[in-house]
Amino acid sequence: MARLTEADKARNEAAIRAAMDRVLVGNLPPGGKVDLKTLATTADVTRTGFYPKKSRDATPRPGTYQHLAEEFEQRLQELRAAGEIVDPRDARVDRLKKQVDELKERVAIRDEQPAELTESKALEISQPAAQYDEIKRLRTQVAEHSPVRSVPNARDHP
């Protein structure tokens with residue numbers, strides 16, 4: 001693998017910084033997120049330069065662009081702390097969660113309405129039936145214990 005020259009590193013750092021500005025304002029490529037992978041893809045550099053390496057003697061050494069990765073993460077945290085949603089996908093997820101909550105609430109209200117209507121309907125049906133039963137009971141009671149006799153109706157005798 002060829003070594004990067006100082007000019008290549010400077011050009012890549014400029015590309016990474018420009019890509020960082022675009023990504024942090026939400027200008028993402030299709031399918032991209034606000035992360036190091038998208039940053040590397042947007043800047044057209046390998047993302048391995050963002051991570052620490054190990055030398056042949058197993059001692060850690062910083063990645064070529066690790067300082068830029070740390071700067072990117074810090075700027076991202078500052079934006080999130082300020083309440084800005086940088087990633088349009090996150091904003092969409094938040095919007096959809098709110099919409100789901102609203103729809104659940106509306107469904108709950110609609111589920112309550114038929115139950116109330118069923119109760120009301122049952123009450124409306126049972127009241128006339130109870131009244132009719134009471135009228136029959138009173139008529140029977142009057143017919144059995146009343147000294148008053150009904151007069152034959154003209155319609156009863158032709």
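- The salt bridge (charged side-chain N to carboxylate O under 4.0 Å, His left out) check on Glu6 picks up Lys9, with sequence neighbours excluded.
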(request) Start with the C-alpha gap between Phe72 and Ile16, add the side-chain angles, then the distance that decides, and say whether side-chain contact (heavy atoms from CB on, under 4.5 Å) holds. (result) CA-CA 10 Å; Phe72 175 76; Ile16 292 170; over 6 Å; no

Side-chain polar contacts of residues 97-104 - donor-acceptor pairs under 3.5 angstrom, sequence neighbours left out - could you list them?
none

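- For the side chain to side chain contact (heavy atoms under 4.5 Å, CB included) test, residues two or more places apart in sequence or in another chain that qualify with Asp57 are Ser55, Thr59.
- Evaluation of the side chain to side chain contact (heavy atoms under 4.5 Å, CB included) rule for Gln66 yields Pro52, Pro62, Glu70 as partners, not counting sequence neighbours.
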(request) Under the side-chain contact (heavy atoms from CB on, under 4.5 Å) rule, what do Leu36 and Tyr65 come out as? Steps first, then yes or no, please. (result) CA-CA 11 Å; Leu36 289 175; Tyr65 311 114; over 6 Å; no

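- Evaluation of the side-chain hydrogen bond (donor to acceptor under 3.5 Å, both in side chains) rule for Glu73 yields no partner, not counting sequence neighbours.
- Of all the heavy atoms in Ala19 and Leu39, the pair that sits closest is C-CD1, 3.7 Å.
- Residues forming a side-chain hydrogen bond (donor to acceptor under 3.5 Å, both in side chains) with Arg95 (at least two apart in sequence, or on another chain): none.
- Applying the salt bridge (Lys or Arg N to Asp or Glu O under 4.0 Å) definition to pairs two or more places apart or across chains, none involves residues 40-51.
- Hydrophobic clustering of Ile, Leu, Val, Met, Phe, Trp and Tyr side chains at less than 4.5 Å, counting indirect connections, unites Tyr51 with Met20.
- When the side-chain hydrogen bond (donor to acceptor under 3.5 Å, both in side chains) test is applied to Thr140, no partner is found at least two apart in sequence or on another chain.
- In Lys53, the NZ atom is crowded: over 12 heavy atoms of neighbouring residues, nucleotides or ligands sit closer than 6.0 Å.
- The local environment of CZ in Arg61 is crowded, with over 12 non-hydrogen atoms from other residues, nucleotides or ligands closer than 6.0 Å.
- Residues that satisfy the side-chain hydrogen bond (donor to acceptor under 3.5 Å, both in side chains) test with Arg137, not counting sequence neighbours, are Glu134, Gln141.
- The stretch residues 25-35 participates, sequence neighbours left out, in these side-chain hydrogen bond (donor to acceptor under 3.5 Å, both in side chains) pairs: Asp35-Thr38.
- Among residues at least two apart or in separate chains, side-chain hydrogen bond (donor to acceptor under 3.5 Å, both in side chains) pairs with a member in residues 14-26 are Arg17-Glu71, Asp21-Arg75.
- Heavy atoms from other residues, nucleotides or ligands lying under 6.0 Å from CD of Glu105 number 12 at most.
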